[in-house]
Amino acid sequence: MSDTPYFHDASGTVRFWVGVEGGNHVSASIGREALRYHFRTAEGVDSLETFGRHVPEIEAAVRRRLAQGAMEPVMLREHDMRVAEG
């Protein structure tokens with residue numbers, strides 16, 4: 001397995017892996033639109049570049065989804081990026 005994130009043209013997503021407890025890795029993806037809407041980038045901005053600038057926040061969203069019972073592969077949507085206040 002390569003641990004380098006990449007853009008998957010057919011699905012329009014950045015695919016990546018997140019380290020979790022026990023030294024395991026979980027596969028995940030986030031769509032170009034989710035990246036663009038959440039991080040308010042212009043249309044046409046490179047999705048991998050946006051992903052690279054926000055890795056900690058995106059990985060935290062994957063871990064939240066896993067804690068809520070999501071199964072691998074975790075597919076993030078724009079609303080998954082919002083952190084509940086409280």
Side-chain angles (χ1 to χ4, degrees):
M1 167 185 81
S2 169
D3 59 357
T4 303
Y6 67 95
F7 188 79
H8 184 256
D9 286 317
S11 65
T13 62
V14 174
R15 295 190 176 180
F16 59 100
W17 292 264
V18 177
V20 294
E21 287 184 36
N24 296 319
H25 287 83
V26 173
S27 62
S29 64
I30 185 167
R32 122 181 16 126
E33 291 82 12
L35 289 165
R36 187 166 62 97
Y37 296 144
H38 183 74
F39 297 111
R40 304 188 191 289
T41 62
E43 191 168 337
V45 171
D46 183 83
S47 297
L48 274 174
E49 182 180 320
T50 301
F51 175 86
R53 287 193 311 261
H54 301 283
V55 169
E57 183 177 350
I58 294 167
E59 287 184 348
V62 170
R63 290 185 182 101
R64 282 194 303 275
R65 288 281 317 279
L66 290 169
Q68 295 166 351
M71 302 295 287
E72 184 177 12
V74 177
M75 293 173 261
L76 293 178
R77 296 156 298 204
E78 197 273 332
H79 73 266
D80 295 322
M81 299 302 299
R82 298 183 198 127
V83 177
E85 296 189 25

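Since the structure is predicted, the reported quantities are computational estimates derived from the model, not experimental observations.
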Task: Residue pairs involving residues 66-78 (criterion salt bridge (charged side-chain N to carboxylate O under 4.0 Å, His left out); sequence neighbours excluded) - done: Arg77-Asp80, Glu78-Arg82
Open item on the list: Do Phe16 and Val20 land in one hydrophobic cluster if side-chain heavy atoms of ILVMFWY residues count as linked below 4.5 Å?
Closed with: yes
Open item on the list: Just so I know, are the side chains of Asp3 and His25 near enough to count as touching, which here means a heavy-atom distance under 4.5 Å?
Closed with: no
Task: For Met75, the rest of its hydrophobic cluster, which grows through side-chain links under 4.5 angstrom - done: none
Task: Shortest non-hydrogen contact between Thr13 and Ser11, atoms and distance - done: OG1-OG, 2.7 Å
Open item on the list: Under 4.5 Å side-chain heavy-atom separation, chaining through any Ile, Leu, Val, Met, Phe, Trp or Tyr, what else clusters with Tyr37? Say none if it is isolated.
Closed with: none
Task: Nearest-0.5 Å distance that lies between atom CZ in Phe39 and atom CZ in Phe51 - done: 9.5 Å
Would you mind writing out the side-chain donor-acceptor pairs for residues 53-63 within the sub-3.5 Å range, not counting sequence neighbours?
residue : atom : partner : partner atom : Å
Arg53   : NH1  : Glu49   : OE2          : 2.9
Glu57   : OE2  : His38   : NE2          : 2.8
Arg63   : NE   : Gly19   : O            : 3.3
Arg63   : NH2  : Gly19   : O            : 2.7

Task: With sequence neighbours excluded, residues passing side chain to side chain contact (heavy atoms under 4.5 Å, CB included) with Phe7 - done: Asp9, Val14, Arg32, Ser47, Leu48
TODO: Answer with yes or no whether the hydrophobic clustering places Val18 together with Met81; edges join I, L, V, M, F, W, Y residues whose side-chain heavy atoms lie under 4.5 Å apart.
DONE: yes
Task: Residues that Arg36 engages under side chain to side chain contact (heavy atoms under 4.5 Å, CB included), provided they are two or more places apart - done: Thr41, Glu43
TODO: Not counting sequence neighbours, list each pair that qualifies as a ring-ring contact (aromatic ring centres under 6.0 Å, His included) and has a residue in residues 61-83.
DONE: none
Task: Pairwise distance OG1(Thr50) to CG(Leu35) - rounded to 0.5 angstrom - done: 6.0 Å
